Number of protein chains: 2
Amino acid sequence: MTRKLLTNLSVDCVIFGFDMDQLKVLLVERKLKSDDGKSIIFSDHSLTGYHIYEDEDLDSAAIRIVNDLTGLENLKFEQFYTFGSLDRIAHPNDQIWIEQFGDVISSRVLTVGYYSLLPNTNMNIIQKGRKVNWFPVDQVKELAYDHKEILEKALEHLRYKLQNEPVGFNLLPEKFTLSQMQKLYEAILGAKYDKRNFRKKVSQMSYVVPIKEKQQGVAHKPAQLYIFSPEVYEKTRKERNHFFI
Amino acid sequence: MTRKLLTNLSVDCVIFGFDMDQLKVLLVERKLKSDDGKSIIFSDHSLTGYHIYEDEDLDSAAIRIVNDLTGLENLKFEQFYTFGSLDRIAHPNDQIWIEQFGDVISSRVLTVGYYSLLPNTNMNIIQKGRKVNWFPVDQVKELAYDHKEILEKALEHLRYKLQNEPVGFNLLPEKFTLSQMQKLYEAILGAKYDKRNFRKKVSQMSYVVPIKEKQQGVAHKPAQLYIFSPEVYEKTRKERNHFFI
DNA sequence: TGTTGAATGTGTATATTATACACATTCAGT
DNA sequence: ACTGAATGTGTATAATATACACATTCAACA
């Protein structure tokens with residue numbers, strides 16, 4: 001039995017990772033060679049995305065698609081926006097690419113955007129055919145289709161969330177130092193924070209808890225390690241009373 | 001020429017209105033009569049929604065669909081979430097309703113959720129065939145399809161936004177009093193605020209500006225009227241520095 | 001025209017939170 | 001034992017949040 005792939009529906013996933021210095025995004029190479037395989041017609045990158053099956057949940061599709069392209073498992077995805085402009089697939093390269101696979105070009109492909117936050121950029125990526133690599137988010141220039149726009153929207157969403165919810169911990173290893181946490185916020189929000197004030201603020205977050213363990217093997221005073229406690233967070237978040245700004 | 005309607009894609013719009021007391025939502029009656037027209041097979045309500053055309057933008061679809069059902073014009077919509085569970089249309093009533101129109105039931109209809117905020121609940125609604133009415137949000141029990149879930153998500157989104165951005169002014173008349181503004185926040189967030197402290201907070205919002213006009217025809221001290229200035233807001237919002245909580 | 005009912009509009013004291021800012025400590029490596 | 005590199009800490013001041021009570025102004029009515 002063959003599952004029916006929906007030609008007018010797809011899912012695109014923005015996979016973020018933090019390497020303790022920069023925010024990165026996982027991109028898939030899109031390289032089209034001439035028939036004789038000797039010259040390259042074009043080469044660029046896209047997000048991890050593909051069409052969904054008729055009998056497939058959106059959330060499951062995100063998991064499947066990323067797994068197909070990267071081998072990554074157990075990622076958590078969150079939907080952030082859906083893109084449905086009529087001109088999403090306008091560039092000649094995009095059309096050539098699609099035709100190459102014999103797909104009919106739907107007059108418009110609606111794509112649901114998901115993002116995922118990974119705690120590092122060293123995980124083993126199983127490249128099944130196409131090259132997949134990490135790129136610093138702020139150096140990404142052009143992408144296939146409207147993926148640049150999707151990436152921007154995901155970033156915007158991430159920044160917004162970061163200022164209102166403790167999503168940042170998903171981008172840090174389970175045990176992290178306060179300097180790492182500070183770097184994360186600085187990198188994503190593009191700001192600079194005072195170390196003492198940052199730590200004072202964090203010390204008020206009861207859900208960031210120090211553990212009986214310190215950094216090891218560093219050529220300086222080893223830092224205290226912390227973990228994020230989702231349980232404590234759920235208990236404390238009860239009511240925020242401020243409106244906006 | 002006939003435009004092709006996409007059977008597996010739809011847009012559902014959650015239209016909120018505030019009547020100075022309660023948050024309300026605009027719902028469309030869904031009444032199915034027996035063939036002889038004498039008995040009612042079932043009757044319930046749904047959000048304003050319908051399938052989109054092949055050659056139609058998502059945003060335009062929202063505008064068209066709401067206009068078709070209500071005659072309302074010039075609404076501003078914002079997308080908040082997309083629903084694509086495989087069991088969205090599970091209830092027998094939903095299936096009967098769809099079959100009635102001779103539509104094929106797609107195995108899954110993906111629907112993009114939009115919401116709109118109206119400054120009052122008195123606008124002239126042109127009912128084209130189906131009855132459309134305002135209902136207090138917190139008294140809505142069951143809805144067609146998964147529309148109850150969609151409404152909840154829209155509400156959640158609205159509350160979130162309300163605490164972080166000045167979207168509430170869209171639910172108030174152009175000229176409003178501070179008491180009205182306070183009531184709005186209390187109604188939507190389900191909280192109670194101290195009048196003096198609320199006003200102190202608002203007085204720090206440079207974009208809420210008093211005008212040379214007072215309430216008229218009220219049997220008590222007439223209140224100062226205010227307007228929201230988007231221009232001033234854009235200038236002031238520069239940087240918010242808090243993370244979360 | 002004066003009395004009533006109803007909502008408006010205002011200030012202060014106290015507690016909490018935000019900001020600005022500099023130096024001793026601890027480790028690995030040599 | 002010395003160096004380089006990052007950690008970890010406190011205080012004074014400013015800004016913001018909270019708790020709380022009463023005189024004012026209008027329309028309506030007697």
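Everything numeric in this text was worked out from a predicted model, so none of it was measured. Throughout, a chain's letter reflects where its sequence line sits, starting with A, and its residues are numbered from 1.
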Quantify the bending of the helix from C:dT1-D:dA30 to C:dT30-D:dA1 as the angle between its end axes, each fitted on five pairs, to 10°.
->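 Computed from the C1' atoms at both ends, the axes differ by 10°.
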
Any chance you could measure B:N170, atom CG, to B:Y115, atom OH, to the nearest 0.5 Å?
->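 Those atoms lie 8.5 Å apart.
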
Rounded to the nearest 0.5 Å, how far does OG of A:S229 lie from CE of A:M205?
->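 Here the rounded value is 14.0 Å.
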
Could you check how far [atom1] of [X] sits from [atom2] of [N], rounded to whole Å?
{"X": "A:D194", "N": "D:dT11", "atom1": "CG", "atom2": "P", "result": "16 Å"}
{"X": "A:Q216", "N": "D:dA6", "atom1": "CD", "atom2": "C1'", "result": "17 Å"}
{"X": "A:Y193", "N": "C:dC21", "atom1": "OH", "atom2": "P", "result": "18 Å"}
{"X": "A:R199", "N": "D:dT11", "atom1": "CZ", "atom2": "P", "result": "18 Å"}

Phosphate contact (C:dA7 OP1 or OP2) by B:S179 side-chain N/O below 4.0 Å |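 Negative; the distance criterion is not met.
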
Kindly list each side-chain donor-acceptor pair under 3.5 angstrom involving residues 218-226 of chain B, sequence neighbours excluded, with atom names and distances?
none

Using a heavy-atom cut-off of under 4.0 Å over every strand shown, decide if B:Q215 touches base, sugar-phosphate, or nothing.
->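 B:Q215: no heavy atom of the nucleic acid under 4.0 Å.
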
Heavy atoms under 4.0 Å is the rule here; annotate nucleotides 21-30 of chain D 5' to 3' with B where the base is hit, S where only the sugar-phosphate is, and - elsewhere.
-> B--BBBS---

Distance-only donor-acceptor test (3.5 Å): side chain B:K200, base C:dT12 |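 By the distance-only test, yes, there is a pair.
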
Answer yes or no: side-chain N or O of A:K201 and base N or O of C:dT19 forming a donor-acceptor pair under 3.5 Å.
->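 Checked by distance alone, the answer is no.
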
Salt-bridged, A:K183 to A:D21, with N to O below 4.0 Å?
->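 No, A:K183 and A:D21 are not salt-bridged.
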
Who are the side chain to side chain donor-acceptor pair (under 3.5 Å) partners of B:T70, not counting sequence neighbours?
->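 For B:T70 there are no side chain to side chain donor-acceptor pair (under 3.5 Å) partners, ignoring immediate neighbours.
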
With sequence neighbours excluded, tell me which residues meet side chain to side chain donor-acceptor pair (under 3.5 Å) with B:Q182.
->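 For B:Q182 the side chain to side chain donor-acceptor pair (under 3.5 Å) partners, ignoring immediate neighbours, are B:E186.
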
Mind telling me whether A:F228 and A:Y233 have parallel, tilted or perpendicular rings, with 30° and 60° as the class edges?
->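 Aromatic pair A:Y233/A:F228 classed tilted.
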
Can you give each donor-acceptor pair under 3.5 Å made by side-chain atoms of residues 144-151 of chain A, sequence neighbours left out, with the distance rounded to 0.1 Å?
residue	atom	partner	partner atom	Å
A:D146	OD1	A:R88	NE	3.2
A:D146	OD1	A:R88	NH2	2.9
A:D146	OD2	A:R88	NE	2.7
A:H147	ND1	A:L47	N	2.9
A:H147	NE2	A:D12	OD1	3.3
A:H147	NE2	A:D12	OD2	3.4
A:K148	NZ	A:V140	O	2.7
A:K148	NZ	A:E152	OE2	3.4

